[in-house]
Amino acid sequence: MRTSVLSLPRLTPLLLAALVALSGCPAPTEVYTEVEFDVTVPPETPVSAQVFLQGEHPAFRASARGLELFYQGGQLFSARAKLPEGKEVTFTAKLFLPEEQVPLERSGQPAGSWHYAARAAEEKAGFTVERWGPPEGLTGPQTVFLVSVPATTPPDDVLWLSGNQPELGNWNPAGVKLHKAMDNMYATSLSFQPGTSLEFKATRGSWATVEKDMLGQEIDNHVFKTGEDYEHVPFTVEWWADFGSVPPPQVRTGNIEYLHEVQPKDETLRARDVIVWLPPGYEEPENASRRYPVLYMHDGQNLMDATTAAYSREWNVDETAQRLVEAGEVEPLIIVGIYNAEEERIAEYTPVPFPPNYPNAGRADAYGRFLVEELKPLIDNTYRTRRDAASTGLAGSSLGGLVSLYLGLEYPNTFTRLGVISPSVWWADRDILQRVEQLGGPLPLRIWEDIGTDEGDGPEAETVTDAEDLYNALKAKGWSDANLKYTVVRGGRHNEKAWSERFGDILRFLFPPTP
């Protein structure tokens, strides 16, 4: 026998409440929970901006503009509100400058609404604004400049950006005004045609207050080539011209020794200092019989001490090596920094002359003999080294990267771990490529090669194209991915700061921890 089922229409909440009341049962009450809304904003957000959450729920109608979020430091704004548990609410963020702006996707399209349902008491809800813009969205590229300034910058000073384009003021020292932004930075947003080459500096309104380095010396212009997207251009002001000269602190980490005035036998080479970093535990009694691999590095005065560095910026080799060795991320090693011969640096770091500008260059063979026949035996006899080629590396940047590869090819029985950092492949019409192409096959060399995308555009500049051609030439000769690591660093510049930032990865590849 089939039972008949009566199908009732869906009861609306109002009708359900009425039926409950008629039945004498108490109406269910909503359970509310307190929610902390944390909204992370883009770093260019002005510190003077007001940020609100807006939505249909009464919690988002605390004022005519909505639920106000309060600045917490960094890039974080927060507010608390009570919401019913299990009930989804819809809302969005608004920024007032006082003009209204809304969250946009990275593409520039309006990001739309956020949805959230509270689940338990005292919970947090985190959201992120990619960028701000008008309600209709933004089209075209946008370049955001983010400037970190010294803590001594007067808080009421007005900062400016000056550069080589009309949008940057055509080198007017008060070209584009910067606003105070999140996380103690200054910022501005500009639009350029894709592929525009920018050069710029920050000022406090005049060339007498332009940015300088920590010694009060002139610095190179910042450079950037614009793309077709929304992109950030961060840079740091170390000092201001009118602040006077303040030498950087002399900070050396770990056990460091010096060999002063090491004189090569070749009279064409000048005497130079050598700085030696010894690994943690080197002097401990339990390690008295332990021997260590060695990494030789060019431009030794720039590696570990800002007071001797050419541009008052060091590689932080000592701090990085100390941290990675203590963490077990690299094998304990000895690092030997060979000071360059200043005005003779180009000559010693190049394998052949390059007329008409460099007719007296090309003394890398003499420099190499000094390293192999004199300095290495001196280091081996002074410190507890592992003397075999498999334990010995050579690294440098720019022309130092070029000479590292050149000497590695010349002395594969002495150096087998090579750091070819931002190499000057352009030297002598890319002579180094021809040397690689003449090889009969791969040598027993473990090679790190890298390049930054913003290292320069001139004819004598380190470029991604040159670096890729070198990498492809090595691959064509049979180097495997296990022994050849090639890295392109997005936004990487041609300076000590950039090389310092990737030195840890270089060490990890060249001297991985042993079992």
Side-chain angles (χ1 to χ4, degrees), residues 35-57 59-61 65-79 81 83 88-118 123-148 161 167 176 178-183 185-196 198 224-235 453-454 488-491:
V35 178
E36 178 182 317
F37 290 95
D38 292 335
V39 178
T40 301
V41 299
E44 65 268 24
T45 303
V47 293
S48 59
Q50 293 180 299
V51 184
F52 292 83
L53 296 182
Q54 297 181 348
E56 292 298 322
H57 192 273
F60 304 117
R61 296 183 176 182
R65 286 184 169 180
L67 175 65
E68 185 172 7
L69 296 161
F70 295 95
Y71 183 50
Q72 304 297 316
Q75 297 170 228
L76 185 66
F77 283 77
S78 296
L83 296 176
E88 186 177 90
V89 294
T90 301
F91 57 96
T92 188
K94 293 287 180 69
L95 176 144
F96 295 90
L97 283 173
E99 69 273 12
E100 177 183 309
Q101 293 194 4
V102 303
L104 304 181
E105 298 175 354
R106 287 193 65 86
S107 64
Q109 298 301 312
S113 299
W114 294 329
H115 305 278
Y116 181 74
E123 62 178 25
K124 291 187 176 184
F127 300 89
T128 298
V129 177
E130 291 281 351
R131 58 190 292 197
W132 296 106
E136 64 272 17
L138 287 170
T139 58
Q142 184 181 26
T143 303
V144 179
F145 297 86
L146 297 169
V147 187
S148 299
L161 202 62
E167 298 87 348
V176 179
L178 299 168
H179 64 260
K180 288 188 176 180
M182 299 290 100
D183 212 10
M185 290 189 292
Y186 287 74
T188 190
S189 299
L190 300 171
S191 295
F192 302 92
Q193 289 295 320
T196 302
L198 306 181
F224 183 77
K225 180 171 286 187
T226 61
E228 300 180 356
D229 200 0
Y230 163 73
E231 50 197 355
H232 287 105
V233 184
F235 66 99
T453 58
D454 294 344
V488 177
V489 182
R490 176 66 179 171

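We number each residue from 1, following the sequence as shown.
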Less than 4.5 Å apart, any side-chain heavy atom of Thr226 and any of Glu231? yes
Is atom CD of Gln193 surrounded by more than 12 heavy atoms (other residues, nucleotides or ligands) closer than 6.0 Å? no
What distance separates Leu138 CG from Ser191 OG, expressed to the nearest 0.5 Å? 8.0 Å
At their closest point, which heavy atom of Gln72 faces which heavy atom of Ser78, and how far apart are they? CG-OG, 3.5 Å
Does some side-chain heavy atom of Val41 sit less than 4.5 Å from a side-chain heavy atom of Trp132? yes
Between Phe127 and Trp114, how do the two ring planes meet: parallel, tilted or perpendicular, split at 30° and 60°? parallel
Centroid separation under 6.0 Å, is that true for the rings of Phe224 and Phe192? no
To the nearest 0.5 Å, how far apart are CG in Leu146 and CE in Met182? 11.5 Å
Carefully, step by step, assess Leu104 and Gln109 under the rule side chain to side chain contact (heavy atoms under 4.5 Å, CB included). CA-CA 5 Å; Leu104 304 181; Gln109 298 301 312; over 6 Å; no
Given side chain to side chain contact (heavy atoms under 4.5 Å, CB included), test Lys124 with Glu36 step by step and report yes or no. CA-CA 5 Å; Lys124 291 187 176 184; Glu36 178 182 317; 3.6 Å; yes
If you look at every heavy atom in Gly112 and Thr92, which pair is closest and at what distance? O-OG1, 3.7 Å
Step by step, would you call Val35 with Tyr116 a side chain to side chain contact (heavy atoms under 4.5 Å, CB included)? CA-CA 10 Å; Val35 178; Tyr116 181 74; 3.9 Å; yes
Which atoms form the tightest heavy-atom contact between Gly66 and Gln54, and what is the distance? CA-CG, 4.3 Å
Using 0.5 Å steps for rounding, measure from the CG atom of Leu53 to the CZ atom of Arg61. 14.0 Å
Would you say His179's side chain and Glu44's backbone share a donor-acceptor pair under 3.5 angstrom? yes
Nearest 0.5 Å, what's the NZ-CZ distance between Lys94 and Arg65? 11.0 Å
Using a 4.5 Å cut-off on heavy atoms from C-beta on, say whether the side chain of Leu97 contacts that of Pro46. yes
For Phe52, the option from Phe77, Phe96, Phe91, Phe70 that meets ring-ring contact (aromatic ring centres under 6.0 Å, His included): Phe96
CD-CE distance between Gln75 and Met185, expressed to the nearest 0.5 angstrom: 6.0 Å
Output for pair (Phe145 CZ, Ser189 OG), nearest 0.5 Å, gives 9.0 Å
CA sep, side-chain torsions, deciding dist, call: Phe60, Phe37, side chain to side chain contact (heavy atoms under 4.5 Å, CB included): CA-CA 11 Å; Phe60 304 117; Phe37 290 95; 4.0 Å; yes
If I compare all heavy atoms of Ala187 with all of Ala181, which pair ends up nearest, and what's the gap? CB-CB, 3.8 Å
Please check if atom CD in Glu99 has more than 12 non-hydrogen atoms from other residues, nucleotides or ligands closer than 6.0 Å. yes
Just so I know, are the side chains of Tyr230 and Pro42 near enough to count as touching, which here means a heavy-atom distance under 4.5 Å? yes
Any idea which heavy atoms bring Leu67 and Ala59 closest together, and the distance? CB-O, 3.7 Å
I need the minimum non-hydrogen distance between Pro135 and Val102, along with the two atoms involved. CA-CG2, 3.7 Å
